[in-house]
Amino acid sequence: MTKKKTTKAQRPRTSAAPTSQLKAIERLLARRDYASAITRLRLLIRAQPDQSGPRRLLVEALAQSAGPQAAVVAALEWAEARPNSLDAQQALFQYALQRSHVMLAHQTATRLQALGARVSGFPLPEDDLPELLRQPDGSVATIEQMARFDIGKVYLENQDFANAVQRLEGLDLIPARNNRAISLFHLGQIEEALAAFLDFWRADAGNLLALAFAARLRLYLGDETGAQGLATPLAAATARRIDDAVPQLEALLLLGHDGAWPAYTRFERTPDADAGPANTRAMLCHLAACAACRQGRAAQAKRLWHEAAKLVPQFRLAENNLDPGRQESLSQGYPAVFDVGQTLPLGWLNTLRATRDGPEAEAQINAQIDALTASNAYLKALCLASDPALAHLLFLILKRRAAHTDQGAAALLESLVRLPIGTKGERFDLLRFLVEQGHLPRDQRVEIWSDGEVRQVKLINTEVVREPLPSDLPEDLAELLGESVACFNDGDFAGAEARVQRLLAERPGHPVASGNLAGLYSAQGRGREARALLRQVVASHPDYLFARCNLAGMLIRDGQIDEAHELLKGLAERPTLHIQEYFLLYGTLAVLNRARGDEEGAQALIATLEGLVEDEDDERRLAIAKAQLARMPKHKRAKWMPKLGK
């Protein structure tokens, strides 16, 4: 019989990845388009898992884009898929050693030796193994157990928590059990993680990592009493290793316990105090600095933060606390202890971060925020110890809850604005939010931390507009008006008046020009003419706020308080004010309050203006408002300096 000729379409597909596909991926890598390359490589590997070419490129792409913690995962999976591939085992050895997974590197070097390759210094000498295999409780692990532990760490460090849980399942080592429970926390399986940590601590009282996490998770679930109950034995214990000391201090600081600093000083006297990698020692120094700060030990705190920054350059938490702008918070005992990655489940956080821009983004973000199960008590503890980025996220979460009638979240926000937490702008934003949501009364004074103390402010539901207002003048006259204002600011009153008069000759009775002319009269000591002209402007243009405020200011200086009050009445209730109008109005109202003897009201209005400052122009406007108030001694007359409209 003759064989039928097989067509190209009928030929079986080979398992090798087409060269054209790999070349296309290599071009993507050359252009540093790592995201596209990695996506295509993963598809190739899924279709052809036994091929080394795509796996080798994936390791390289991840190393370049995401770093060695991601590359070691790809190398591990390549080595597991191809146990007899020299290239795969060499890649795993390289990245395992780079990430300090020593026993995984040792086991891989043994495999390389079996394949005929030699690795300098590995496998490790037999004399070195007992120390590496010794566990925190004094027991001794096997090489296989420690290699499995390293594999679990590979996934944990790459934030692949599901695989970490799977790889560490049933591994009866203290660090492995701890890491598996930590992975459960980051997957959002809080109750399961808490139960595991409690079991680990009860089985080994020296497992302070487990006890620390158990205390944190009780607070996470809203059990404040239970959390504080665990804080008592936690504070009394001395950590047997740095991997216990760090979570011990974290938990005590989170719970506001005074035992954090004594716990640190006890650990510092142990033989293992200087052990551990640089980043762990830097974190311990940072946490100790925070504990010192809370006890008023400012010099020790500063020294420890500098030590942390020296151990790990650009250590953000230490740098944040050394920033001169943080000194007010530090002086009140509120250091930035935590950043986002230390405190909230990373599985939840990564999903939130992955939300893309688009029409459905806001709904997706809100849904993810709503999915967070952390109690308000836990969020409060974090707010009192957060860096700026974490504080911003926590405020978003609490605002979302308060908007959904969570009275506890609203009360928490109200208490936080009285503390040096977050920026001044964020605190004012929270106050406005609480007023808008009906959690605070409108048009009444409320308290906020501002300039080193709790101050009263009065918030009005007014939209502040910053865009330049359109002029009703033609270009040449608008330019003439601008020149007159510039002359006034330079003290050239004659030049300013000449330009205003030319403008009024073209546009008789123009409110801005007429008001500015009154200001010029006042600045030259021609008060009677200024008041008369301002009364004409107010009569012809009652909505022109500059004229009303300037006339009110002059009347206040003359002691005509009631008339000034009538001029200003209702202006603060306007739904929209330009930023210049806002500063002028509130500054004038502050002067009126002082003239009436209401000093608290005057300062509350100035504090309200402080919350609006965003740029140098606002700083200048605030300085003018404060100067006007300072020139008004209680119940005495002082010269009124007018503001010109533009």
Side-chain angles (χ1 to χ4, degrees), residues 464-538 540-541 543-554 556-557 571 576-588 590-591 606 609-610 612-632 638-646:
V464 179
V465 178
R466 290 184 173 273
E467 293 77 16
L469 295 174
S471 175
D472 61 348
L473 294 171
E475 187 175 343
D476 58 335
L477 295 183
E479 184 177 347
L480 197 60
L481 178 64
E483 291 175 1
S484 70
V485 173
C487 289
F488 176 87
N489 291 334
D490 291 339
D492 180 8
F493 298 146
E497 183 173 346
R499 287 168 173 79
V500 171
Q501 293 287 12
R502 283 168 53 195
L503 194 159
L504 287 170
E506 295 287 334
R507 289 289 183 90
H510 188 269
V512 178
S514 300
N516 287 3
L517 181 58
L520 284 163
Y521 289 161
S522 177
Q524 297 175 73
R526 299 155 65 183
R528 182 178 298 177
E529 294 174 80
R531 280 187 287 276
L533 184 52
L534 283 173
R535 290 184 189 280
Q536 291 178 23
V537 176
V538 170
S540 302
H541 304 278
D543 290 334
Y544 185 44
L545 185 142
F546 270 80
R548 294 178 75 95
C549 287
N550 281 331
L551 179 57
M554 299 184 75
I556 293 168
R557 305 301 178 181
L571 295 182
T576 303
L577 287 174
H578 191 269
I579 188 66
Q580 296 177 29
E581 296 175 322
Y582 202 106
F583 272 90
L584 172 57
L585 173 59
Y586 272 53
T588 308
V591 174
I606 293 297
L609 293 180
E610 290 172 340
L612 283 176
V613 173
E614 293 185 1
D615 53 31
E616 292 183 359
D617 287 338
D618 292 343
E619 291 281 5
R620 177 180 52 79
R621 295 176 185 122
L622 178 62
I624 291 172
K626 287 183 174 180
Q628 294 285 20
L629 185 62
R631 283 195 288 268
M632 179 63 193
K639 185 177 180 182
W640 174 261
M641 288 299 293
K643 291 82 171 176
L644 301 193
K646 295 183 181 179

>> Return the CZ to CD1 distance between Phe583 and Ile606, rounded to the nearest 0.5 Å.
In response: 9.0 Å
> Which heavy-atom pair separates Leu504 from Ala513 by the least distance, and what is that distance?
Replying inline: CD2-CB, 3.7 Å
>> Within the structure provided, determine whether Leu473 and Val512 are in side-chain contact (heavy-atom separation under 4.5 Å).
In response: no
> Quick one: CZ on Arg507 to CG on Leu480, what's the gap to the nearest 0.5 Å?
Replying inline: 12.0 Å
> Salt bridge between Lys626 and Glu610, side-chain N to carboxylate O under 4.0 Å?
Replying inline: yes
>> Test side-chain contact (heavy atoms from CB on, under 4.5 Å) on Tyr521 and Arg528; report intermediate values, then the result.
In response: CA-CA 9 Å; Tyr521 289 161; Arg528 182 178 298 177; over 6 Å; no
> Of the non-hydrogen atoms in Gly519 and Phe488, which two are nearest, and what is the gap between them?
Replying inline: O-CE1, 4.2 Å
>> For a side-chain contact (heavy atoms from CB on, under 4.5 Å) check, start with the C-alpha distance between Asp618 and Leu612, then their side-chain angles and the critical distance, and finish with the verdict.
In response: CA-CA 8 Å; Asp618 292 343; Leu612 283 176; 5.6 Å; no
> To the nearest 0.5 Å, how far apart are CG in Asn516 and NE2 in His510?
Replying inline: 9.5 Å
> Sequence neighbours excluded, which residues qualify as salt bridge (Lys or Arg N to Asp or Glu O under 4.0 Å) partners of Glu614?
Replying inline: Arg466
> Does a side-chain heavy-atom distance below 4.5 Å link Glu506 with Asp476?
Replying inline: no
>> Do Arg557 and Val591 have side chains that approach each other closer than 4.5 Å (heavy atoms only, starting at C-beta)?
In response: yes
>> Between Ser514 (side chain only) and Pro511 (backbone N and O only), is there a donor and an acceptor less than 3.5 Å apart?
In response: no
>> Looking at every heavy atom in both Ser484 and Ala496, which two are closest together, and how far apart are they?
In response: O-CB, 3.3 Å
> Which atom pair, heavy atoms only, marks the closest approach of Ala625 to Leu609?
Replying inline: CB-CD1, 3.9 Å
> With a 4.5 Å heavy-atom cut-off, do Leu545 and Arg548 have their side chains touching?
Replying inline: no
>> For the CG atom of Leu622 and the CG atom of Asp617, what is their distance to the nearest 0.5 Å?
In response: 12.5 Å
> Between the side chain of Arg499 and the main-chain N/O of Gly495, is any donor-acceptor distance below 3.5 Å?
Replying inline: yes
> Once you round to the nearest 0.5 Å, how far does CZ of Arg531 lie from CG of Leu551?
Replying inline: 8.5 Å
> Taking all non-hydrogen atoms of both residues, which atom of Ala547 and which atom of Val537 are closest, and how far apart?
Replying inline: CB-CG1, 3.6 Å
> Who passes salt bridge (Lys or Arg N to Asp or Glu O under 4.0 Å) against Glu529, sequence neighbours left out?
Replying inline: Arg526
>> If you count every heavy atom of other residues, nucleotides or ligands that lies below 6.0 Å from Gln501 atom CD, does the total exceed 12?
In response: yes
> Judged by atom type as modelled, is there a donor-acceptor pair below 3.5 Å linking the side chain of Ser522 to the main-chain atoms of Ala518?
Replying inline: no
> Rounded to the nearest 0.5 Å, how far apart are CG of Leu571 and OH of Tyr582?
Replying inline: 13.0 Å
